[in-house]
Amino acid sequence: MFDVAVIEDPAAAEVSLDPIRAKLLAELAEPGSATTLANRVGLPRQKVNYHLRALEKHGLVELVEERKKGNVTERVLQATASSYVISPMALSAVQPDPERAPDRLSARWLLAVASRLVRDVGMLITGATKAQKRVATFALDGEVRFASAADRAAFAEELAHTVTTLIGRYHDENAAGGRDHRLIVAIHPTARSE
């Protein structure tokens, strides 16, 4: 089971967004059968089986084992990931495009850049999984409290200068066998859940 899986297929995204199926995915963090799930979620076993088949068809759950109980074979399933992210590729016709209106100070542009990040890293994970390789990535996440908007603006300017200098030091346009990497640095207010 993966920690996070990216859903790229529109049909799989649709299946995962159904409230009953989303609940079943959460329950299947630990292996379970239609019978055990039916008891936990309060639905008839036949209805749970119907939803499990849809989830399995789209690769969101997988067979762990089959158990013989008399004349019946009980199928035990587990979610393929602990959590899922839906890639903008699932809505390819309307996915955000950061090139459409690049504005470093726009929250909507930041969201488009973040969407591209989800799409690109999702594609890399999918390819690496098929090739049975790891994806070389690095992420930095932190919080900073600014005393004023002026301090935030000064920080952003200094950060931009520092990152630009660092890129200039390491970027080699003519590196034989080199591979381009995308760098995203973002600053936004911390979202607080109510």
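Remark: Phe2 CZ to Ile125 CD1 distance equals 9.0 Å, nearest 0.5 Å. With rounding to the nearest 0.5 angstrom, the CD1 atom of Ile184 is 4.5 Å from the CG atom of Leu117. A distance of 12.5 Å separates CG in Leu24 from OG in Ser16, rounded to the nearest 0.5 Å. The line from CD of Glu143 to CZ of Arg145 is 8.5 Å long, rounded to the nearest 0.5 Å.
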- Message: Please determine whether side chain to side chain contact (heavy atoms under 4.5 Å, CB included) holds for the pair Tyr50 and Arg21, giving the CA-CA distance in whole Å, both sets of side-chain angles, and the decisive distance to 0.1 Å.
- Response: CA-CA 10 Å; Tyr50 167 79; Arg21 293 173 182 160; 3.4 Å; yes
- Message: Run the side chain to side chain contact (heavy atoms under 4.5 Å, CB included) test on Asp120 and Arg182 for me, step by step, so that the C-alpha distance in whole Å, both residues' side-chain angles and the decisive distance to 0.1 Å come before the verdict.
- Response: CA-CA 10 Å; Asp120 291 354; Arg182 183 171 303 281; 3.9 Å; yes
- Task: Could you please spell out the steps behind the salt bridge (charged side-chain N to carboxylate O under 4.0 Å, His left out) verdict for Glu74 and Lys68?
- Result: CA-CA 6 Å; Glu74 182 180 56; Lys68 284 280 195 191; over 6 Å; no
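For the pair Leu91 and Pro10, the minimum side-chain heavy-atom distance is 4.5 Å or more. Using a 4.5 Å cut-off on side-chain heavy atoms (C-beta onward), Val85 and Ile7 make no contact. Taking 4.5 Å as the limit, some side-chain heavy atom of Asp172 sits within range of a side-chain heavy atom of Asn174. In this structure, the side chains of Arg116 and Gln95 stay at 4.5 Å or more apart for every pair of heavy atoms. The shortest distance between side-chain heavy atoms of Leu52 and Leu37 falls below 4.5 Å. Side-chain contact between Glu56 and Arg75: present, with at least one pair of heavy atoms (C-beta onward) separated by less than 4.5 Å. Side-chain contact between Val121 and Val6 is absent, with no heavy-atom pair separated by less than 4.5 Å. Taking the side chain as every heavy atom from C-beta outward, Thr73 and Arg67 never approach each other to under 4.5 Å.
Pairing each heavy atom of Pro88 with each of Ser115, the nearest pair is CG-O, 3.2 Å. In this structure, Leu43 and Ile20 approach most closely via the heavy-atom pair CD1-CG2, 3.6 Å. The minimum heavy-atom distance linking Leu55 with Val15 is given by the pair CD2-CG1, 3.6 Å. Residues Pro102 and Glu99 come closest through the heavy atom pair CD-O, 3.5 Å. A pairwise comparison of heavy atoms in Ala101 and Trp109 identifies O-CD1, 3.2 Å as the closest pair. Between Leu28 and Leu77 the shortest heavy-atom distance is CD2-O, 3.3 Å.
A distance-only check finds a donor-acceptor pair linking the side chain of Gln78 to the backbone of Ala29 [under 3.5 Å]. When atom types are taken as modelled, the side chain of Tyr84 and the backbone of Leu25 share no donor-acceptor pair closer than 3.5 angstrom. A distance-only check finds no donor-acceptor pair linking the side chain of Ser83 to the backbone of Ala5 [under 3.5 Å]. Listed for the Ser106 side chain is no donor-acceptor partner under 3.5 Å among the backbone atoms of Asp103. Checked by atom type and distance alone, the side chain of His51 never pairs as donor or acceptor with a backbone atom of Asn49 at under 3.5 Å. Put simply, the side chain of Thr162 gets close to the backbone of Glu158: a donor and an acceptor are under 3.5 Å apart.
More than 12 heavy-atom neighbours from other residues, nucleotides or ligands sit within 6.0 angstrom of CZ on Phe146. The local environment of CD in Glu30 is sparse, with at most 12 non-hydrogen atoms from other residues, nucleotides or ligands closer than 6.0 Å. Shown here is Glu66, whose CD atom has more than 12 heavy atoms of other residues, nucleotides or ligands within 6.0 Å. Around the CZ atom of Arg152, the shell of radius 6.0 Å holds no more than 12 heavy atoms that belong to other residues, nucleotides or ligands. In Glu14, the CD atom is not crowded: 12 or fewer heavy atoms of neighbouring residues, nucleotides or ligands sit closer than 6.0 Å. Around atom CZ of Arg40, more than 12 heavy atoms belonging to other residues, nucleotides or ligands sit under 6.0 Å away.
Hydrophobic cluster membership is shared by Leu60 and Leu63, with clusters built from Ile, Leu, Val, Met, Phe, Trp and Tyr side chains linked at under 4.5 angstrom. Linking Ile, Leu, Val, Met, Phe, Trp and Tyr residues whenever their side-chain heavy atoms come within less than 4.5 Å leaves Ile187 and Leu105 in two separate clusters. With hydrophobic clusters built from ILVMFWY side chains whose heavy atoms lie under 4.5 angstrom apart, Val41 shares a cluster with Val61. The hydrophobic cluster containing Val144 also contains Val185, counting ILVMFWY residues as joined when their side-chain heavy atoms lie under 4.5 angstrom apart, directly or transitively.
Only one option out of Leu166, Ile167, Thr165 pairs with Val163 in a side chain to side chain contact (heavy atoms under 4.5 Å, CB included); it is Ile167.
No hydrogens or angles considered: nothing links the side chains of Ser87 and Glu8 as a donor-acceptor pair under 3.5 Å.
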